[in-house]
Amino acid sequence: MNEFQFPPVEMPENASALRASVRRLVEQEVEAGRIVPQSNCWSIHDAAFSQKLGQAGFLGMTWPRRYGGHEKSTLERYVVVEELLAAGAPVGAHWVADRQSGYQILRHGSERARSSILPRIAAGECFFGIGMSEPDSGSDLAAVRSRARKTEDGWRISGSKIWTSGAHQAHYLIALVRTGGAEHQRHGGLTQFIIDTRQPGIDIRPIYNLYGGHDFNQITFDNCWVPFDMMIGEEGSGWDMVTGELAFERSGPDRFLTSFPLLRQAMAALVHDAPDRVLHDQEAAVLGRLISHVMALRTMSVSIAGMLEQGAQPVVEAALVKDLGTAFEREVPERLRSLLPIEAMLGDEHGLDHHWGMTMLQSPSFTLRGGTREILRGMIARGLGLR
Ligand SMILES: Cc1cc2nc3c(=O)[nH]c(=O)nc-3n(C[C@H](O)[C@H](O)[C@H](O)COP(=O)(O)OP(=O)(O)OC[C@H]3O[C@@H](n4cnc5c(N)ncnc54)[C@H](O)[C@@H]3O)c2cc1C
């Protein structure tokens with residue numbers, strides 16, 4: 001049986017200074033009433049906040065300067081990202097672009113795509129959606145049916161995507177579509193394209209979620225145009241491209257910190273705001289377990305960031321952290337039932353009851369998005385040599 005490796009990692013020397021500057025920026029925004037800390041904050045769209053992060057140098061952090069980046073290390077970026085998530089700052093507008101689309105473009109995009117798009121992402125002014133799932137292919141991504149046809153002046157795309165988060169606010173999607181015919185195997189004949197969402201032939205319709213919010217969409221493409229130099233990688237390389245993209249999508253602290261802001265607010269109410277109150281043994285045990293769990297997940301997640309920095313591809317370790325981490329994120333609002341003397345409900349967005357109610361309604365999606373637990377466990381079993 002194979003074994004997992006999670007080598008220990010030293011955080012960069014400037015980690016404390018970086019942390020302090022992120023905290024300062026978030027505090028200023030909270031005090032000015034411009035943002036309200038929330039769980040699941042990487043789904044909250046706030047273009048003005050993204051621009052502030054861009055101006056502060058917190059986006060495109062690891063990319064070359066000539067593309068608007070800051071040539072920092074993966075671990076320095078990790079510090080910034082985990083601080084923003086732990087604080088519950090609204091980072092949803094730029095999230096996909098900064099986490100994965102920009103890397104795809106940097107590694108596999110044309111020079112025009114790099115020079116025209118990356119500086120805008122790093123400035124917090126250009127947002128992306130992920131065009132993978134289709135009405136009949138979610139877990140089975142290789143079954144996508146949307147198709148691109150080569151013409152004299154570029155590619156023409158027709159088909160449909162579903163569950164596309166933020167597509168209604170995104171400037172572009174990176175979409176996986178079929179370019180090869182029946183002669184190709186399922187994983188062959190697929191290609192990724194950068195699709196401009198602001199063009200005729202694209203219809204983006206909302207799908208409302210459990211709390212009535214509009215986060216994701218169904219999209220139809222009717223002969224949409226993509227210039228030749230907006231292809232990612234080579235024609236037919238889409239499966240390898242999408243696998244590499246998923247490694248970025250699955251490995252970060254967003255896969256275990258989604259409900260951490262709620263845990264923080266609950267702890268403040270239970271402990272810090274009532275210093276004379278003594279926790280019961282059962283309360284202390286629940287809180288202690290949650291905190292030690294989050295610390296263990298963080299140690300594993302930082303180790304993955306360290307491996308990525310070394311150029312490794314810890315795909316199975318990332319699947320393990322996502323599986324354990326998203327289970328943890330879902331557990332937090334459930335566990336609070338035995339601790340908080342209030343009911344979870346929607347109302348004043350500053351209230352703990354609202355924060356809890358929203359997290360409760362969002363949490364079923366935590367273990368689905370980015371690949372379900374069953375799919376990840378299949379990968380983990382394969383990685384361990386068990387299947
Ligand atoms: C909040 C949210 C945001 C999302 N955002 C995006 C986005 O921006 N872009 C995008 O492309 N997609 C997005 N998705 C889609 C997400 O990636 C899919 O929902 C997910 O991959 C599962 O696909 P599906 O919904 O088609 O379910 P199915 O694949 O139909 O799965 C249904 C059930 O069967 C199980 N199952 C399927 N195959 C197997 C198997 N081989 N072995 C064992 N069990 C299996 C699954 O685990 C699941 O429980 C989002 C989803 C959510 C919930």
Side-chain angles (χ1 to χ4, degrees), residues 38-45 91-101 104 127-146 157 159-178 186-187 190 192-195 197 202 204-221 232 238-239 241-243 245-250 252 254-255 258-259 319 322-323 325-327 329-330 358-382 386-387:
Q38 290 293 328
S39 291
N40 198 27
C41 63
W42 55 279
S43 293
I44 300 174
H45 185 100
V91 291
H94 66 265
W95 193 254
V96 166
D98 181 63
R99 177 184 66 183
Q100 62 194 79
S101 316
Q104 284 296 87
F127 311 134
F128 270 70
I130 304 168
M132 295 188 194
S133 308
E134 295 193 1
D136 294 316
S137 56
S139 302
D140 186 12
L141 195 52
V144 297
R145 287 192 303 200
S146 292
I157 298 191
S160 179
K161 294 284 169 187
I162 198 165
W163 314 125
T164 325
S165 301
H168 55 301
Q169 289 152 321
H171 301 90
Y172 300 97
L173 307 173
I174 292 189
L176 180 72
V177 305
R178 202 154 282 288
R186 260 162 47 92
H187 294 117
L190 294 169
Q192 276 196 328
F193 292 99
I194 304 169
I195 305 180
T197 57
I202 291 202
I204 301 177
R205 295 192 180 195
I207 303 175
Y208 294 100
N209 55 27
L210 207 53
Y211 59 93
H214 175 195
D215 287 338
F216 44 34
N217 303 272
Q218 177 154 8
I219 308 179
T220 49
F221 307 100
I232 299 276
W239 188 253
M241 294 293 125
V242 90
T243 311
E245 185 180 347
L246 281 169
F248 282 101
E249 185 175 345
R250 288 177 174 159
D254 40 337
R255 298 304 181 176
T258 303
S259 44
K322 181 180 182 293
D323 182 42
T326 54
E329 297 177 337
R330 272 185 80 155
M358 275 300 269
T359 313
M360 197 75 108
L361 291 174
Q362 292 165 335
S363 64
S365 71
F366 298 169
T367 51
L368 297 175
R369 57 187 180 187
T372 65
R373 299 195 73 188
E374 290 75 19
I375 295 301
L376 294 166
R377 287 175 174 200
M379 291 172 62
I380 295 164
R382 245 193 321 276
L386 298 174
R387 50 183 301 228

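In listed order, ligands and their atoms are each counted from 1. Because the structure is predicted, anything quoted here is derived from the model rather than measured. The basis for the numbers below is simple: all heavy atoms, side chains too, and nothing from hydrogens, waters or symmetry mates.
- Annotation: Asp140 places no N or O atom under 3.5 Å from an N or O atom of ligand 1; distance criterion only.
- Annotation: cation-pi pair Arg369/Trp95 absent, no NZ/CZ under 6.0 Å from the ring centroid and within 45° of its normal.
- Taking a cut-off of under 4.0 Å to the non-hydrogen atoms of Ile375, the atoms of ligand 1 that pass are 38 (N), 39 (C), 40 (C), 41 (N).
- Protein heavy atoms are found less than 4.0 angstrom from atom 2 (C) of ligand 1.
- Residue, atom and distance of the protein heavy atom nearest to atom 37 (C) of ligand 1 are Ser139 OG, 3.6 Å.
- Close N/O approach between Glu374 and ligand 1 is found [any backbone or side-chain N/O within under 3.5 Å].
- Closest to atom 20 (C) of ligand 1, if we only count protein heavy atoms, is Leu368 O, 3.9 Å.
- Among all non-hydrogen protein atoms, the one lying nearest atom 15 (C) of ligand 1 is Ser133 OG, 3.3 Å.
- In terms of polar-atom proximity, defined here as any N/O pair under 3.5 Å, Trp163 does make such a contact with ligand 1.
- The main-chain N or O of Gly370 is found under 3.5 Å from a side-chain atom of Arg250 such that the two form a donor-acceptor pair.
- For the atom pair CD1 (Ile157) and OG1 (Thr220), the distance works out to 13.0 Å, reported to the nearest 0.5 Å.
- At a 3.5 angstrom cut-off on N or O pairs, Phe216 does not count as close to ligand 1.
- With hydrogens and angles disregarded, a donor-acceptor distance shorter than 3.5 Å links the side chain of Glu134 to the backbone of Ser146.
- Protein heavy atom closest to atom 52 (C) of ligand 1, with residue, atom name and distance, is Arg369 CB, 3.7 Å.
- When heavy-atom distances to ligand 1 are checked against a 4.0 Å cut-off, Thr372 comes that close only through its side chain, counted from C-beta outward.
- Atom 5 (N) of ligand 1 is flagged as protein-proximal [any protein heavy atom, distance under 4.0 Å].
- Nearest to atom 8 (O) of ligand 1 among the protein's heavy atoms is Ser165 N, 2.9 Å.
- Ile174 approaches Ile194 most closely through the heavy-atom pair CG1-CG1, 4.3 Å.
- Per-residue contacts place Ser365 under 4.0 angstrom from the following atoms of ligand 1 (heavy atoms of the residue considered): 1 (C), 53 (C).
- Under a 4.0 Å N-O distance rule, the pair Arg255/Glu329 does not qualify as a salt bridge.
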Can Arg99 and Val91 be said to form a side-chain contact (heavy atoms from CB on, under 4.5 Å), step by step?
CA-CA 11 Å; Arg99 177 184 66 183; Val91 291; over 6 Å; no
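- The NE2 atom of His187 sits 8.5 Å away from atom CG of Leu141, with the distance rounded to the nearest 0.5 Å.
- Within a 4.0 Å radius of atom 10 (C) of ligand 1, the protein contributes one or more non-hydrogen atoms.
- When each of Leu190, Ile232, Leu176 is paired with Val242, the side chain to side chain contact (heavy atoms under 4.5 Å, CB included) condition holds for Leu176 and for no other.
- Of all the heavy atoms in Ala167 and Asn217, the pair that sits closest is N-ND2, 3.3 Å.
- Distances from atom 34 (O) of ligand 1 to the protein include no heavy-atom value under 4.0 Å.
- Protein heavy atom at the shortest distance from atom 24 (P) of ligand 1 is Gly138 CA, 3.9 Å.
- The shortest N or O to N or O distance between Met132 and ligand 1 is below 3.5 Å.
- The minimum heavy-atom distance between Ala319 and Met379, with the atom names listed, is CB-CE, 4.2 Å.
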